[in-house]
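Written out below as structure tokens is the structure these notes cover.
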Amino acid sequence: MKAIINNQQIPLEIMVTPNAKSLGMMGRDSLDGGMLFPFKEIGEKSFWMKDCIIPLDILFISDNKINSISKDCQPCYQTTCPNYTGIGDVVLELPGGFCNKNNIESGDEVSFSELPF
């Protein structure tokens, strides 16, 4: 499965179960491609970097369009961590700096292949 943004093909890991969505990138030191979080409804979603090891770009997507991007979100090892929020029914995490390197911005179209939802 992959996402395509600005002709850039991005292999995906899909977080479907509540446990997978809760853990996300916690404790992982690499991400080959992107980590996709699908939700049933469009609405405000909130993510944080608690116990993450690498910086991430967090994209909030609905109707195959990027609504907003929180770029280069840094790992957090404190009790209270910043929340990164946006509107969407899909959230895509990419390695920090990926969006700047590939000229990905809010408003860009996203297409998905072979998604099970």
Side-chain angles (χ1 to χ4, degrees):
M1 295 175 206
K2 62 186 170 188
I4 302 169
I5 309 172
N6 296 342
N7 296 316
Q8 177 77 21
Q9 294 190 20
I10 305 163
L12 299 174
E13 295 178 46
I14 301 178
M15 304 293 106
V16 179
T17 68
N19 189 53
K21 287 180 180 179
S22 177
L23 290 177
M25 283 296 297
M26 287 181 177
R28 291 184 47 175
D29 62 2
S30 67
L31 177 60
D32 296 324
M35 186 174 281
L36 192 74
F37 299 81
F39 296 93
K40 292 182 186 216
E41 296 181 4
I42 296 172
E44 184 173 274
K45 307 300 181 231
S46 182
F47 280 64
W48 65 350
M49 297 294 294
K50 176 99 172 118
D51 296 328
C52 290
I53 296 174
I54 63 171
L56 298 171
D57 291 346
I58 304 173
L59 292 70
F60 298 90
I61 302 166
S62 62
D63 297 323
N64 294 337
K65 183 178 173 183
I66 299 170
N67 293 319
S68 63
I69 304 173
S70 295
K71 294 183 179 180
D72 205 31
C73 302
Q74 295 300 306
C76 178
Y77 305 105
Q78 309 301 318
T79 303
T80 304
C81 296
N83 288 318
Y84 302 95
T85 60
I87 303 294
D89 59 352
V90 176
V91 176
L92 175 59
E93 293 182 345
L94 298 168
F98 186 93
C99 290
N100 284 340
K101 181 179 178 184
N102 293 284
N103 298 313
I104 295 172
E105 297 292 339
S106 294
D108 286 350
E109 295 291 322
V110 181
S111 61
F112 298 100
S113 68
E114 308 170 33
L115 289 182
F117 57 89

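In what follows, every heavy atom counts, from backbone to side chain, and hydrogens, waters and symmetry copies are set aside.
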Trace of the side chain to side chain contact (heavy atoms under 4.5 Å, CB included) decision for Arg28 with Leu23: CA-CA 10 Å; Arg28 291 184 47 175; Leu23 290 177; over 6 Å; no
query: Going through the checks in order, is the side chain to side chain contact (heavy atoms under 4.5 Å, CB included) test met by Asp57 and Ile104?
result: CA-CA 10 Å; Asp57 291 346; Ile104 295 172; over 6 Å; no
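In this structure, Asn64 places its CG atom where more than 12 heavy-atom neighbours from other residues, nucleotides or ligands lie under 6.0 Å away.
Judged by distance alone, with hydrogens and angles left aside, the side-chain atoms of Lys50 form a donor-acceptor pair with the main-chain N or O of Gln78 at under 3.5 Å. Formation of a donor-acceptor pair under 3.5 Å by the Lys21 side chain with backbone atoms of Pro38 is found in this model. Listed for the Asn67 side chain is a donor-acceptor partner under 3.5 Å among the backbone atoms of Ile87. A side-chain donor-acceptor contact under 3.5 Å links Gln74 to the backbone of Asp72.
Note: Ser68 OG to Lys45 NZ = 12.0 Å, rounded to the nearest 0.5 Å. Rounding to the nearest 0.5 Å places CG of Leu94 at 9.5 Å from CG of Leu36. Rounded to the nearest 0.5 angstrom, Ile4 CD1 and Asp108 CG are separated by 13.5 Å. Between the CE atom of Met1 and the CG atom of Leu12 there is a distance of 8.5 Å, given to the nearest 0.5 Å. To the nearest 0.5 Å, atom CG of residue Leu31 and atom CD1 of residue Ile53 are 12.0 Å apart.
Checked against the 2.5 Å cut-off, the SG-SG distance between Cys81 and Cys76 falls under it.
In terms of heavy atoms, Lys71 sits closest to Cys99 at CE-CB, 4.1 Å.
Judged purely by distance below 3.5 Å, without hydrogens or angles, the side chains of Glu105 and Asn103 never pair a donor atom with an acceptor atom. Residues Asn6 and Asn102 bring no donor and acceptor atom of their side chains to less than 3.5 Å of each other.
Taking Phe47 as the reference, Phe37 meet the ring-ring contact (aromatic ring centres under 6.0 Å, His included) condition, with sequence neighbours excluded. In this structure, the side chain to side chain contact (heavy atoms under 4.5 Å, CB included) partners of Ser70, at least two apart in sequence or on a different chain, are Ile58, Phe60, Cys73, Tyr84.
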